[in-house]
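Some notes on the structure that comes next.
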Protein chains: 2
Amino acid sequence: MRRKLTLKQIAKEMDVSISTVSKALRDSPDIGLDTREKIQAFAKLYNYKPNNIALSLKNRKTKNIGVIIPEIVHHFFTTVVSGVEKVANKRGYNVIVCLSNESFDREVINMEMLASGSIDGFIMSLSKETQQKKDFHHLREAINQGMPLVMFDRVAEEIYCDKVVIDDAQGTYRAVNHLIDTGCKRIALITTTDYVSVGKLRTEGYLNALRDAGMEIDENLIVKIEDTRECDEQIEELFESQTFDAVFGVNEIYAVTAMREAQIRGFKIPEDISVIGFTDGILSKNSFPRMSTINQHGTQMGAIAADMLINKLESVDEDEYYRTEVVKSTLTERESTKKKS
Amino acid sequence: MRRKLTLKQIAKEMDVSISTVSKALRDSPDIGLDTREKIQAFAKLYNYKPNNIALSLKNRKTKNIGVIIPEIVHHFFTTVVSGVEKVANKRGYNVIVCLSNESFDREVINMEMLASGSIDGFIMSLSKETQQKKDFHHLREAINQGMPLVMFDRVAEEIYCDKVVIDDAQGTYRAVNHLIDTGCKRIALITTTDYVSVGKLRTEGYLNALRDAGMEIDENLIVKIEDTRECDEQIEELFESQTFDAVFGVNEIYAVTAMREAQIRGFKIPEDISVIGFTDGILSKNSFPRMSTINQHGTQMGAIAADMLINKLESVDEDEYYRTEVVKSTLTERESTKKKS
DNA sequence: CTGAAAGCGCTTACAG
DNA sequence: CTGAAAGCGCTTACAG
C-alpha cells in the first residue's frame with residue numbers, strides 16, 4: 001500500500017522546492033517552461049491528485065454541498081437528489097446526502113455536523129417533526145454563519161432564504177377540476193394533517209376547486225392521515241362509510257392505496273371511481289390501471305435548487321436578496337381518469 | 001454574518017495560547033481546572049464547533065464514507081443507502097452519496113474525486129457499463145492507495161475486497177420452487193442480460209430449479225431485457241407468442257409489468273397466472289393484487305456493509321483478509337401466488 | 001526563474 | 001500549569 005503522493009514528495013524527488021512544484025502544476029508562467037514540463041510529466045506519471053482536504057482548508061471552501069431530506073426511501077426526494085447531483089457535478093461540486101428520518105433531532109445533528117466545515121451550503125426539505133414544532137433555530141444559525149441555504153418542497157415561511165416549491169394549491173386545483181370536468185360529482189380527498197405544509201396547500205386547492213365549481217364540501221369525504229403506516233385502515237373506513245365517484249390523493253401512496261381498495265370492492269377504475277394522485281412516481285406509472293397524476297418535476301426542482309445555491313456561492317456581491325422559484329406542476333392523464341359518458 | 005469561531009479567536013479573547021485552548025476544550029488534565037472551566041464556558045457560550053476540515057487534515061481521516069450507487073431513483077439502492085446511513089451515523093461517520101448513473105466514466109470520476117481526501121473508505125455497487133467493460137482499474141487504484149472498499153450487490157469477483165451480496169441463485173431457486181409447489185407448469189422468466197452479475201445468478205437459480213424438478217426448459221419462456229425502458233414491448237411480445245401459468249421477474253419492475261400485461265389481457269392473478277418478483281419494494285407492496293416477492297433486505301445489506309467498512313477503518317492490525325457476507329433472501333408470500341386447486 | 005515564509009484551523013510532543 | 005514549535009498538504013505574496 002503506497003500512500004498518496006504529496007507535493008512535498010514530488011519536491012524532494014525532483015530536488016526543487018514545494019512552491020515550485022505547486023506553481024508548476026498550476027502551470028504558472030512564473031516557472032521555467034522546462035521545469036514546468038518536467039514536473040507535470042512526473043506528476044502525471046505517478047498520478048498525483050491534490051488533496052481536497054488541504055485545498056478546502058486553504059481556500060475556505062469545500063466544493064461540497066449538503067442535502068438533507070426527510071427520507072431517502074421516497075421517490076420524490078430521490079428525484080430531487082438526482083437533479084441536485086446532476087447540476088452539482090456539472091459545476092464541479094460533490095453532494096453529501098443526509099437523512100433526517102422525519103426527526104427534528106437528527107435534522108439538527110446533521111446540520112451541525114455538515115456546517116462544521118464539510119460543506120459550502122445547504123439544500124434541504126424539512127422533517128415533519130420540525131414543521132410541527134416550528135423550531136427553526138438550526139436554520140437561522142446556519143444562515144448566520146454565512147452558510148447559504150435553499151429549501152425545497154417542505155419550506156418554512158419564517159426563514160428568509162432561497163426556496164423552490166411547486167404550485168401545490170394550484171396543481172391540486174387543476175387536478176380536481178379535471179375530475180369535475182370529467183363528470184365526477186362526489187370527490188374524496190385523502191390528505192395529510194395540516195402541519196405538513198404541502199399537505200395543507202393541497203387541501204386548500206381541493207377546497208377552492210369545489211367552491212369555484214359551486215359544489216358542496218362534505219367533510220366526511222376528507223380524510224387526514226397522520227401516519228402513512230395507518231393509511232390502509234383509514235382509507236378502508238372511507239370506502240366503508242361513504243360513497244363517491246372520485247378520489248384525489250395528496251401523494252402516490254394514498255392514491256394507489258385507494259385504487260387498490262376500490263378494486264378489492266369490485267369497483268372499476270375509472271368507470272366507477274376516478275383516481276388522481278399528486279407526485280408522479282414509479283407507483284403511478286406501474287399501477288394497474290396506470291394512474292393519472294400531477295407531475296411534481298422533482299429532478300427539475302433539484303436542478304433549480306442546486307443552481308440557486310451554487311450561484312449564491314459563486315457570486316461576488318453579497319446581496320441579501322432571496323427568491324422563491326415556483327415550479328409549475330403538470331397533469332399527466334393516464335388510465336385512472338376518463339370522461340364519464 | 002459572523003464568521004465561525006476559531007481557537008485562535010478564543011485564545012486572543014481569553015488571553016491564553018492556542019494550545020491551551022485546544023487542550024482545555026479536550027478537557028486535558030494538563031490544564032488547570034479553573035482555566036479549563038473558564039475556556040469551556042466561553043466556548044459553549046459562543047457555540048464553538050471545531051472545524052472538521054482542519055481536523056481531517058491533521059488526523060488524516062475524514063470520518064466520511066463514500067457510497068457510489070448506479071442510480072438513486074431505484075428503491076433497492078435507496079434502502080441500502082438508508083442502512084448505511086443508519087450505522088454510519090451511529091458510529092460517527094457521515095455519508096457522501098454519488099451516482100454513477102450506470103456510466104463507467106461517471107463512476108471513475110466520482111471515485112477519483114472522493115478518493116482525493118474526501119472520504120476514508122468506499123461502499124459501492126458497480127454500474128452496468130463497468131460490469132460490461134470489466135474494467136476495474138479505478139477500484140484497484142483505490143485499494144492500492146489504502147482506501148478500504150466494500151462492494152455490494154453488483155460485485156466483481158476479480159477484485160479482492162469485502163463484499164456483501166444476497167443469495168441470488170438460491171433465492172430465485174426457492175421462489176421458482178414455490179411456483180412449482182403451487183402447481184405451476186410453465187414458468188416464464190423475465191431477466192436481464194448476462195453481464196449484469198445478479199441477473200445472471202438469478203437466471204441460474206431459475207434453470208436449476210426447473211432442472212431439479214425434472215421440468216423441461218423452454219428457451220422461448222426466457223426473455224432477457226437489455227434496457228428497462230423497453231421492457232414493456234418485450235413483455236408484451238412474450239404474452240403475445242407464448243402461453244404459461246407463472247412468471248418470475250428478476251426485479252420488481254419486470255414482475256409488475258408482467259402482472260399488468262396479464263390483467264390487460266384478462267388473466268386473473270393468481271388463478272390464471274402466478275407472479276413473483278425479486279426485490280421487495282414499494283411496487284410489490286402497492287400493486288393490485290399485492291405481489292409475492294423475494295425480499296432482498298437492502299437496509300440490512302447496507303448496515304452490514306457499513307459495519308464491515310468501519311471495522312476495517314478502525315482496526316489496528318492491517319490484515320489482508322477479506323470476507324464476503326451473504327445475506328439470506330426470504331420469500332414473502334402475498335396475493336400473486338396461491339396453491340392451484 | 002526559484003524558494004523561504006506565512007497561513008488555513010487544528011493537535012501534540014516537548015520545554016520551561 | 002502554560003506556551004512555542006512543528007506539522008497535516010496546500011497556496012501565494014514577497015524576496016532574491
Side-chain angles (χ1 to χ4, degrees), chain A residues 2-40 42-43 46-64 113 115-120 145-147, chain B residues 2-40 42-43 46-64 113 115-120 145-147:
Chain A
R2 102 209 124 169
R3 261 236 134 349
K4 284 217 67 177
L5 195 61
T6 67
L7 288 191
K8 201 178 184 179
Q9 287 164 48
I10 301 183
K12 193 163 158 199
E13 212 63 49
M14 312 223 24
D15 213 33
V16 290
S17 77
I18 296 180
S19 357
T20 304
V21 179
S22 174
K23 282 181 216 150
L25 290 181
R26 334 199 85 231
D27 215 22
S28 155
D30 267 15
I31 306 298
L33 192 59
D34 49 336
T35 19
R36 227 190 299 167
E37 279 172 347
K38 245 179 262 163
I39 293 175
Q40 286 174 7
F42 185 93
Y46 290 100
N47 194 27
Y48 170 78
K49 292 264 168 11
N51 179 320
N52 283 336
I53 295 292
L55 286 177
S56 295
L57 187 59
K58 184 73 195 163
N59 302 332
R60 286 130 151 282
K61 55 183 138 183
T62 62
K63 290 280 185 176
N64 286 156
M113 212 157 171
S116 319
S118 307
I119 61 165
D120 297 339
Q145 273 175 210
M147 191 72 88
Chain B
R2 99 208 126 168
R3 264 234 134 348
K4 283 217 69 174
L5 195 60
T6 68
L7 289 190
K8 202 178 184 179
Q9 287 165 48
I10 300 183
K12 195 161 155 201
E13 212 63 49
M14 314 226 18
D15 214 33
V16 290
S17 77
I18 296 180
S19 357
T20 303
V21 178
S22 174
K23 281 180 218 152
L25 290 182
R26 334 198 85 231
D27 214 23
S28 156
D30 268 15
I31 305 298
L33 191 59
D34 51 335
T35 19
R36 227 190 298 166
E37 277 172 349
K38 246 180 258 160
I39 293 176
Q40 286 175 6
F42 185 94
Y46 290 101
N47 194 27
Y48 169 77
K49 291 264 169 7
N51 180 320
N52 284 336
I53 294 292
L55 285 177
S56 296
L57 187 59
K58 183 75 195 159
N59 302 331
R60 289 129 150 284
K61 55 183 140 182
T62 62
K63 290 278 187 175
N64 285 155
M113 214 157 170
S116 319
S118 307
I119 61 165
D120 298 337
Q145 272 177 208
M147 191 72 88

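Below, chain A is the first sequence line, B the second, and so on; all start at residue 1.
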Roughly, in whole Å, what's the span from [atom1] in [X] to [atom2] in [N]?
X       : N      : atom1 : atom2 : result
A/Asn59 : C/dG9  : CG    : C1'   : 14 Å
B/Leu7  : C/dC8  : CG    : C1'   : 13 Å
A/Asp30 : D/dA15 : CG    : P     : 15 Å
B/Asp27 : C/dT11 : CG    : C1'   : 16 Å
A/Arg36 : C/dC1  : CZ    : C1'   : 11 Å
A/Lys49 : D/dG9  : NZ    : C1'   : 16 Å
B/Asn52 : C/dC10 : CG    : P     : 10 Å
A/Lys63 : C/dC8  : NZ    : P     : 21 Å

First of B/Leu57 and B/Ile31 reached from the 5' end of DNA chain D, by closest nucleotide: B/Ile31
Minimum heavy-atom distance between A/Thr62 and A/Gly117, given as atom pair plus value: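 In this case the closest contact between A/Thr62 and A/Gly117 is CG2-O, 3.0 Å.
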A/Tyr46 versus A/Leu5, closest heavy-atom pair with distance: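 Taking every non-hydrogen atom into account, CB-CD2, 3.6 Å.
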Is any side-chain N or O of [X] closer than 4.0 Å to OP1 or OP2 of [N]?
X       : N     : answer
B/Tyr48 : C/dG9 : no
A/Lys8  : D/dG7 : no
B/Arg60 : D/dG9 : yes

Using Watson-Crick pairs (N1 to N3, plus N6-O4 or O6-N4) and G-U wobble pairs, both distances under 3.5 Å, which stems of at least 3 pairs involve DNA chain D? C:1-3 with D:14-16, C:5-12 with D:5-12, C:14-16 with D:1-3
Could you walk me through whether B/Thr20 and B/Ile39 satisfy the side chain to side chain contact (heavy atoms under 4.5 Å, CB included) test, starting with their C-alpha distance in whole Å, then the side-chain angles of each, then the deciding distance to 0.1 Å, before giving a yes or no? CA-CA 9 Å; B/Thr20 303; B/Ile39 293 176; 4.2 Å; yes
Which residues, if any, of residues 17-26 of chain A bring a heavy atom under 4.0 Å of DNA chain D?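 When residues 17-26 of chain A is checked for heavy atoms under 4.0 Å from DNA chain D, the hits, listed by number, are A/Ile18, A/Ser19, A/Ser22, A/Lys23, A/Arg26.
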B/Asp30: partners by salt bridge (charged side-chain N to carboxylate O under 4.0 Å, His left out), with sequence neighbours left out: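 B/Asp30 satisfies salt bridge (charged side-chain N to carboxylate O under 4.0 Å, His left out) with no other residue.
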Are any non-hydrogen side-chain atoms of [X] and [Y] less than 4.5 angstrom apart?
X       : Y       : value
A/Asn52 : A/Asn64 : no
B/Leu55 : B/Lys63 : no
B/Met14 : B/Val21 : no
A/Ile10 : A/Val16 : no

Which nucleotide, C/dC8, C/dC10, D/dC8, lies nearest any side-chain atom of B/Asn51? C/dC10
For C/dA6 versus D/dA4, give the span between their P atoms, rounded off to a whole number of Å.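 So the two P atoms sit 15 Å from each other.
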Test: A/Asp27 and A/Arg36 ion pair at under 4.0 Å: yes
Donor/acceptor link under 3.5 angstrom from B/Lys58 side chain onto base of D/dG7: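 Result: at least one qualifying N/O pair found.
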Heavy-atom count around A/Lys49 NZ within 6.0 Å, excluding the residue itself: above 12?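 Yes, enclosed.
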Taking any heavy-atom pair under 4.0 Å as a contact, classify B/Thr35: base, sugar-phosphate, or nothing.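 Sugar-phosphate, backbone atoms only, no base.
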